[in-house]
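Report on the structure given below.
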There are 2 protein chains.
Amino acid sequence: MPIPDAAEQFPRKGRVTLRDVAALSGVHASTVSKVLSASSETGRIPPVTVDRVLDAARTLGYRPNLLAASLRTSRSFAVGIIVTDISNPTIPMALLAIEKVLAPLGFISVLAHVEPGSPSLVEDVNRLLDRQLDGMILASSATPDIVLDACARASVPTVLMFGLERRPGLSAVIHDERSGVALLADHLLSLGHRRIAHIAGPQALSTGRSRHAAFLEIMASAGLRQEETPVEIAAAYTREAGRAACVRLLGSHRPTAILAAHDLLALGCLDVFRECGVACPAEISVTGFDDIPNMDLINPSLTTVRLDFEGLGNHAAHLLLNAIDGAASEGDVAILQPRLMVRGSTSAI
Amino acid sequence: MPIPDAAEQFPRKGRVTLRDVAALSGVHASTVSKVLSASSETGRIPPVTVDRVLDAARTLGYRPNLLAASLRTSRSFAVGIIVTDISNPTIPMALLAIEKVLAPLGFISVLAHVEPGSPSLVEDVNRLLDRQLDGMILASSATPDIVLDACARASVPTVLMFGLERRPGLSAVIHDERSGVALLADHLLSLGHRRIAHIAGPQALSTGRSRHAAFLEIMASAGLRQEETPVEIAAAYTREAGRAACVRLLGSHRPTAILAAHDLLALGCLDVFRECGVACPAEISVTGFDDIPNMDLINPSLTTVRLDFEGLGNHAAHLLLNAIDGAASEGDVAILQPRLMVRGSTSAI
DNA sequence: CTGAAAGCGCTTACAG
DNA sequence: CTGAAAGCGCTTACAG
């Protein structure tokens, strides 16, 4: 006489599984799966069965184990987002935009901070990839090649934000940095400035490099000499680093305008002006970059260039989805245009 | 004659698994597992074997599938972080602090935005929990009970930020909101103000409620009458909502000071003052709450109360770890003290 | 010290 | 239309 399989009748250990639902509804686990997961077979199951299964699932309070499903299907519906500087207030806007696109499709966002210079960088990224992410968004302007290599090795669809690294299959979304610098430079030149300094961002950041390069090129083609257009490099996109760079700059030069590579660097300049009694914009004009929130309220209000971070995140998410579907052409590049915001920190010479 | 199992010798489909490493190193997969995962048995394996396995893993470029490991061990090393308002610049600081604690321990942060009023709220949270998260941090001051219920049902260790809901096993970390309001109120009272208005935050937010309640209580105990201490409720912690609330307030009252429930609400007040030609602080003083970055630079610079968001995230992460280990007493509460920042937007009457 | 087996909870061809 | 089996890639008692 066979021993009745009574144990099968009740959920063990408190966890309700597919089998428990199957047992209660009197069908096989595979049938339950077909009902519950929206597969191609879902349609072919008669309403009676569907109802029985649904009822059982409800009474048991069944919740699927998505880890198990992912293991089976090799689809995790998880994307990794790598950032370095979340304290920069523009990053959260981009993150939010990314999630607005991805979340309704069932994707979760795994946020990972990385120190670009960290010795464990590659291992950190690999640990992340070990979780079988469906895609990766590199939302850092300090993404070293070794990170791109790691993503490529894992053959995970990847989108690069802020930087434009040309690689087969790598999509990228960036602001037109050159055009942003040009907008500001033209504004200052049209106000009559001829001694224009640049406080550059860290050259380890792609935005730092491209804004710097654009500055040099535009000033040269405007016919200004190098002595008229000194450059000081800031250690980070922070107010403090901007302050330090400005102090160094004013130690040896007397520009009539400073084109800073970031709003926070410009704020650092304003700190110096205040401490040293320099009138802004009367004596020195200053411009920012990014247009972080509330810069219209400071004194003087900050002339800057507005970047569309929401658009950036939005595009990145869509490019990633394309890459994941394998549908559209990978290696797409989206370039967003900045917009000049003229405020109080600049004036005619 | 048995067919030789040649297929076992080579990685199939490009994915390198434990078995591939086992095949190459000439040991069983279980041995490979013992070597590679830092288990209790790792120590008992002779160096020769360890080396062979490690070599094989390296030459094959083996990476473990963490999904599979999680399924087996019921530990995902993933924590969910639920936020509503990442555009509020204080949230990212807390997120960063959380990750600084959790990431070195191998945990990833799954970031999920939720709309508190969304009809799909519970389902969204459940979908997240379906991923077998090891813990949950509710970093939103608008966490409805149904979310707490969902976490409790899934019996996942949970930490509540910003709010203080007393539940068995629920840890919480908050700022001392009452003390923050008291700091500001005392400051205004000591400057001689007697007609002090409050622009409250949304009452759906726990911070909105507690600051509001503290305001009423403190004003009453200072002996001020209700007509002297009007309250206007803002629709959100945004500059726009602050502007609107301020307009409504000034339509019927003439306070000498406004205690706003958030810096951004105070900024909205400044907008109104500018538009209406009200001199601040000469005619009306205004105070903020939170001390978002760069508020010393605006004109007038903002008197406010500084909250320690880094500490908040740090504590939340540690409380969560305790709850996950099941070690320490769950249901702990950490309360952080705010700090008054006196600046230019307040003056004697 | 190492191997063989079982199983985490799903899904998916494949039969019937 | 439904069931039985196999398997995703790991880990963990359990033998030997």
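Just so we're clear, the structure is a prediction, and the values are computed from it rather than from any experiment.
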(message) If you compare every side-chain N and O of T17(B) against the phosphate oxygens of dG9(D) (OP1, OP2), does one of them come in below 4.0 Å?
(response) no
(request) Can you tell me the distance, in whole Å, between the CD1 atom of I45(B) and the C1' atom of dT12(D)? (result) 13 Å
(message) Using only modelled atom types and a 3.5 angstrom limit, is any donor from either the side chain of S30(B) or the base of dA4(C) paired with an acceptor on the other?
(response) yes
(request) Compare every heavy atom of G163(A) with every heavy atom of A172(A), then report the nearest pair and how far apart it is. (result) CB-O, 3.6 Å
(request) Mind listing the closest non-hydrogen atom pair of T59(B) and L24(B) along with its distance? (result) OG1-CD2, 3.3 Å
(request) Quick one: stems involving DNA chain C, counted as three or more successive Watson-Crick or G-U pairs, both distances short of 3.5 Å. (result) C:1-3 with D:14-16, C:5-12 with D:5-12, C:14-16 with D:1-3
(request) Please state how far atom CG in L18(B) lies from atom P in dG7(C), giving the value in whole angstrom units. (result) 19 Å
(message) Within a 6.0 Å radius of atom CD on E115(B), are there more than 12 heavy atoms belonging to other residues, nucleotides or ligands?
(response) no
(request) Ignoring backbone atoms, establish whether T73(A) has a side-chain N or O less than 4.0 Å from OP1 or OP2 of dT12(C). (result) no
(request) Output the distance between atom CZ (R52(B)) and atom OG1 (T31(B)), rounded to the nearest 0.5 Å. (result) 10.0 Å
(request) Check every strand shown and say whether R75(A) touches a base, only sugar-phosphate, or nothing at a heavy-atom separation below 4.0 Å. (result) nothing
(message) Rounded to whole Å, please give me the gap between CG in D20(B) and P in dC8(D).
(response) 11 Å
(message) With nearest nucleotide decided by heavy atoms, which residue, T49(B) or A69(A), maps closer to the 5′ end of DNA chain C?
(response) T49(B)
(message) If I take atom OG from residue S70(B) and atom CG from residue L66(A), how far apart are they, to the nearest 0.5 angstrom?
(response) 12.5 Å
(message) How many whole angstroms separate atom CZ of R72(A) from atom C1' of dG9(D)?
(response) 12 Å
(request) Would you indicate, yes or no, if dT2(D) has its OP1 or OP2 atom less than 4.0 angstrom from a side-chain nitrogen or oxygen of T31(A)? (result) no
(message) Using whole Å, what does the distance between atom P of nucleotide dG9(D) and atom CZ of R63(B) come to?
(response) 16 Å
(message) Is there a side-chain contact between S70(B) and the phosphate of dC8(C), meaning an N or O under 4.0 Å from OP1 or OP2?
(response) no
(request) Figure out the CG/P separation between L71(B) and dA6(C), and round it to whole Å. (result) 18 Å
(message) Distance check needed: dA4(D) P versus R19(A) CZ, whole Å only.
(response) 12 Å
(message) Please find the pair of heavy atoms, one from S25(B) and one from A56(B), that lie closest to each other, and give the distance.
(response) CB-CB, 3.7 Å
(request) Please tell me which of the listed nucleotides, dA13(D), dT11(C), dC10(D), lies nearest to the side chain of K34(B)? (result) dA13(D)
(request) Could you check whether S74(A) gets within reach of a base, just the sugar-phosphate, or nothing at all, counting any heavy atom under 4.0 Å? (result) nothing
(request) Check whether any side-chain N or O of H28(B) sits under 4.0 Å from OP1 or OP2 of dT2(C), and answer yes or no. (result) no
(request) Output yes when D124(B) and R127(B) qualify as a salt bridge under the 4.0 Å nitrogen-oxygen rule, no when they do not. (result) no
(request) For L36(A) and dT12(C), give me the distance from atom CG to atom P, rounded to whole Å. (result) 13 Å
(request) Could you check A68(B) against A29(B) and say which one's nearest nucleotide on DNA chain C is further toward the 5' end? (result) A29(B)
(request) May I ask you to decide whether R167(A) forms a salt bridge with D149(A), counting only side-chain N to carboxylate O separations under 4.0 Å? (result) yes
